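This is a predicted model, so every value here is computed, not measured. Heads up: numbering here begins at 1 and tracks the sequence. For ligands, and for the atoms within them, numbers begin at 1 and follow the listed sequence.
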Amino acid sequence: MKVLVVGNGAREHAIAKKLHADGAELTSAMAKRNPGIAAISKRVELIDINKPADYDRFTGVDIAFIGPEAPLAVGIADTLVEKGVPTVGPIKNLARLEWSKSYARLLLQEHGIPGNPAFKVCRNLFEVREFLKSQPDVAVKPDVLTGGKGVKLTGEHLKTRQEAEAYCAKCIKNDGLVVLEEKLRGKEFTLQAFVDGEHVEVMPLVRDFKRAYDGDKGPNTGSMGSYSCPDHGMPDLSAEVVKKGAEIMKQTISTLTKSVGEYCGFLYGGFMNTENGVYLIEYNSRLGDPEAINVLALLDDSLIETGFRMVEGKLKKPNFRKEATVCVYVVPEGYPDNPKKDQPITVGKLKHAEPYYASVYEEGSVVKTTGSRAVALLARGKTVAEARERVYADANTVKGAVFYRRDIAAGA
Ligand code: GLY
């Protein structure tokens, strides 16, 4: 089976690795040569992954998997579907759940789907000030994709009212609008699901660690690591809370199917469990990074077959191994604010962990950092403690100007 994987991060390495293990003949479309993906691909094409014209060469593949959000937002799924390639990844109008924050909020509001906090889509500073009168503590969200760097919270990133208004004004100038939301307080959780337009099949829960330094200190990052438990839940989340999140996702997909079309691919819901109930923080129209690594390492079913089931509307309940996983990201020194770029790194002999290359590139036979996260290491175990011990036993084999958090899944 000829399978195209679009993207060159650790999430795409996880997707490619699973497809390869399931017997796929891989073609990879990458912006930069990821050595892990390249090593298992029959054919490697370095292209502009966000440019529809660059996809003319892929008509011969049997199915495509699109990993990152940016190609989905510019309609690469539409391009591939038009060429007759069954594609795992929503078309542009459905990926809008992620690329327009206002769209997701208004969809829930207009269709009576639970999960919205108090919010306002503001097109001028007058509307911003009106909302701030009733909700002084807010999350300010640019409408568009920002690579995880756009959302700013009052009291944390925006220290004064002046700073909050200035950031809103900047977003309005750039995008014509900004989304203001009541700041939610509680326990965050993530649900990832396979979706075929009708069925939403939730995967094991994964918790990630967004701050750069131990003790959840320092600036926000794309995530420094993640873990999952053998029972596929989280000890501090009841089944009822998880069900509420899943119900919000199901109602969203059912509404989209009726009003826009069949969403086919991965869906990631970020939620907050608060004293007042479960709220949706945001949707992503892709798997999480690194959360994809945790769940795909446990998937017992063929991902090729699951992909066809998604595009054909025939999803079944997926089977995941009852094991724990711990993933630790090794990142360049100075990441995320002042990362050392273009530094060589090597991954030594690993006893238990599996490496997933992220934002690196190859120069000859040397692998170098780009300034973003470099390599994720994943270990499984009967318990979280065992998986944790295994991954940390291997973490110092990654050599170079890099660091990693030492407390991923500590005490879990
Ligand atoms: N780990 C967070 C994300 O992928 O959005």
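- Counting only N and O atoms by type, the side chains of Arg57 and Tyr55 include no donor and acceptor under 3.5 Å apart.
- Geometrically, Lys120 does not engage Phe131 in a cation-pi contact, judged by NZ or CZ lying under 6.0 Å from the ring centre and within 45° of the ring axis.
- Among all non-hydrogen protein atoms, the one lying nearest atom 4 (O) of ligand 1 is Asp289 N, 2.9 Å.
- Heavy-atom proximity to Arg286, at under 4.0 Å, picks out these atoms of ligand 1: 3 (C), 4 (O), 5 (O).
- If you check the side chains of Tyr356 and Asp289, you find no donor sitting under 3.5 Å from an acceptor.
- Between Asp301 and Thr306, the side chains place no donor N or O within less than 3.5 Å of an acceptor N or O (distance only, hydrogens not considered).
- Here Glu69 has no heavy atoms under 4.0 Å from ligand 1, in either its backbone or its side chain.
- Within ligand 1, counting atoms from 1 as listed, the ones closer than 4.0 Å to a heavy atom of Asp208 are 1 (N), 2 (C).
- From the protein, the heavy atom lying nearest to atom 2 (C) of ligand 1 is Tyr268 OH, 3.4 Å.
- No N or O atom of Ser223 sits closer than 3.5 Å to an N or O atom of ligand 1.
- Listed by atom number, the atoms of ligand 1 under 4.0 Å from Gly288 heavy atoms are 4 (O).
- Between Gly222 and ligand 1 there is a heavy-atom distance shorter than 4.0 Å.
- Residue Leu280 is tested with Arg105, Met249, Met272 for a side-chain contact (heavy atoms from CB on, under 4.5 Å); the sole match is Arg105.
- Residue-level proximity to ligand 1 for Thr190 is absent, since no heavy atom of it falls below 4.0 angstrom.
- Within a 6.0 Å radius of CD in Glu240, other residues, nucleotides and ligands contribute 12 heavy atoms or fewer.
- Set against the non-hydrogen atoms of Asn284, the atoms of ligand 1 under 4.0 Å away are 5 (O).
- Here the options are Val6, Leu19, Leu4, the test is side-chain contact (heavy atoms from CB on, under 4.5 Å), and the partner is Phe65; only Leu19 passes.
- Summary of contacts: the protein heavy atom closest to atom 1 (N) of ligand 1 is Glu291 OE1, 2.9 Å.
- Between the side chains of Ser372 and Ser359, no donor-acceptor pair is found at a separation under 3.5 Å.
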